[in-house]
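These notes are about the structure you will find just below.
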2 protein chains.
Amino acid sequence: MNEVVPPKTPEAVEPKTLVEGAYQRLRRDIIEGVHAPGEKLRVEHLKDRYEVGAGTLREALLLLVTDALVVAQGQRGFRVSPISIEDFEDITRTRLLLETEALRQSLQLGGEDWEAAVVAAFHRLSRAEQKLGDNDSLAAEEWERRNRAFHEALIAASPSRWIRHFQHILYQQSERYRRLSLFSHPIPRDIHAEHQALFNASLARDTTRATSILTEHVLRTLDAVKLLPAEFFAGKQKS
Amino acid sequence: MNEVVPPKTPEAVEPKTLVEGAYQRLRRDIIEGVHAPGEKLRVEHLKDRYEVGAGTLREALLLLVTDALVVAQGQRGFRVSPISIEDFEDITRTRLLLETEALRQSLQLGGEDWEAAVVAAFHRLSRAEQKLGDNDSLAAEEWERRNRAFHEALIAASPSRWIRHFQHILYQQSERYRRLSLFSHPIPRDIHAEHQALFNASLARDTTRATSILTEHVLRTLDAVKLLPAEFFAGKQKS
DNA sequence: TCTTCTATAAATCTCGAGAAAAATCCTTGA
DNA sequence: TCAAGGATTTTTCTCGAGATTTATAGAAGA
């Protein structure tokens, strides 16, 4: 019997286990700043919030170590990974090193399926950008998801699993910082125009132009974060 | 009171907890092929071998997911990450992308301390290479450690934590494959000469030559593994 | 003989409690 | 008032047992 599968948003992977469920919610909360950078993550407190046992929550925290969103120190528990302007600069430049290479490969190797997926992702992103601006946090969240989907679709034709893996981690890291840059808008940006240009160059298979636009695009966010006051990067040492 | 600290081999971090101890031994066993690629890792069996509780062993396995040496599937337990010739090609090329960049930065920024550390690491590696050849697995193990230490010392002056982090993971991965290439010696190599040339170019701050030698050096191992019969990459589907 | 269904066995996941370590607070003395 | 030491509290780490899910083996039917 054929089931009608409802169209899923990508990334909405159903958790098959309590550990995965707690992991996903914890990851989301860390990226969104519910748990501040540098904050101590006490198992005994968190197990109530996420409604799982202590051992289960420990496993979820261990999974977050893979994403480098949590650091574990033996006999001293877990902490949210600290943030700093130097770290974001490092993240950005490493991400560009990997992502531009993956984009080069993708433009060279991508077939019709890849093109179709890029067109679709760009369309979805454009729609989300229209609904943006009215300070709707739900719309912003959806935009984040589609922005990631667009960037990942662009490099999806790269045959390098490892580059895509590392890119995924770095993108996730940068989300924490991008969230901060929302608080200040010192650099006026027409993000949609940037995406449009990147999209055009990619479909035209213009490697040089596409990587150049991508680099500018990513560095612009770095500049925005650089202008933030240092207090944003203080981080909690205790509690 | 001053204590006399015995000179430690790098990487010999004392485990502060049972989880870390099991993690280190498991990692070593996976890299050395005690647990074959693709093999299922049953908690109930392994907890006896490593003399820890089931929950503790689960946490150790979760830590290995960070190194991409183990893959976890919800409700289906853990497996040793499979290997393939395509995977090693990907590992090698991604590693070169990162490691050459880190080497460039290191040669540009490295100071006296970096130089001294490189000289020391090269000296230690040379000594280990002299003792090699008599099929002594203990000497081979020591050579592995010092080879890694030399490569990490070369890029230690790179300011990018993220590049070094990813390089560390990829190097660890490649150890599994390098171990396979020991079984066949189709390509005669004077590894010491390659290291000597890399060392000379690095201290001379000849970026172009150093990165070029490094690339050749790493690709040569890829070629050696490529000549292995396909049976090496079969991997266990069950058990 | 092959497929399908069911019953059994095995493995994973989950939780709470006890042991060990770290952090905190409080007393004591100068 | 401050520092040092010790006792208490908090937190982390560890284990074994029960519940749920998956895998295996066997029986029934085509």
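In the text below, chain A, chain B and the rest are named by the order of the sequence lines, each starting its count at 1.
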Kindly say if [X] contacts the phosphate of [N], meaning a side-chain N or O under 4.0 Å from OP1 or OP2.
| X | N | result |
| --- | --- | --- |
| B:Lys16 | D:dC13 | no |
| B:Lys40 | D:dA23 | no |
| B:Thr56 | D:dC15 | yes |
| A:His45 | D:dT10 | no |

Can you tell which of C:dT12, D:dT14, C:dC13 lies closest to the side chain of B:Val19?
->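 Given the options C:dT12, D:dT14, C:dC13, the side chain of B:Val19 is closest to D:dT14.
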Euclidean distance, atom [atom1] of residue [X] to atom [atom2] of [N] [Å, nearest integer]:
| X | N | atom1 | atom2 | result |
| --- | --- | --- | --- | --- |
| A:Glu20 | C:dT12 | CD | C1' | 13 Å |
| B:Gln73 | C:dC13 | CD | C1' | 15 Å |
| B:Leu18 | D:dC15 | CG | C1' | 10 Å |
| B:Gln75 | D:dA23 | CD | C1' | 13 Å |
| B:Leu41 | C:dA10 | CG | P | 20 Å |
| B:Arg42 | C:dA11 | CZ | P | 5 Å |
| A:Leu57 | D:dC13 | CG | P | 12 Å |
| A:Glu14 | D:dT21 | CD | P | 15 Å |

Evaluate the criterion salt bridge (charged side-chain N to carboxylate O under 4.0 Å, His left out) for residue pair B:Glu32 and B:Arg28; output intermediate values, then yes/no.
-> CA-CA 6 Å; B:Glu32 293 187 355; B:Arg28 180 186 159 129; 3.8 Å; yes
Please confirm whether the backbone N or O of B:Asp90 pairs with a side-chain atom of A:Arg161, one donor and one acceptor, at under 3.5 Å?
->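 It does not hold such a pair.
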Test item: B:Tyr177 side-chain N/O and B:Glu89 main-chain N/O as donor-acceptor pair under 3.5 Å | no
Which class fits the ring pair A:His35 and A:Tyr50: parallel under 30°, tilted 30 to 60°, perpendicular over 60°?
-> tilted
Toward the 5' end of DNA chain C, which comes first, A:Arg76 or A:Thr17, by nearest nucleotide?
->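 By nearest-heavy-atom nucleotide position, the 5'-most residue is A:Thr17.
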Out of A:Leu57, A:Thr17, A:Leu63, A:Thr66, which one pairs with A:Tyr23 under the side chain to side chain contact (heavy atoms under 4.5 Å, CB included) rule?
->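 It is A:Leu63; the other options fail the test.
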With a 4.0 Å cut-off on heavy atoms, is B:Gly77 in touch with a base, just the backbone sugar-phosphate, or nothing at all?
->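 Since only primed, P, OP1 and OP2 atoms lie under 4.0 Å of B:Gly77, the category is sugar-phosphate.
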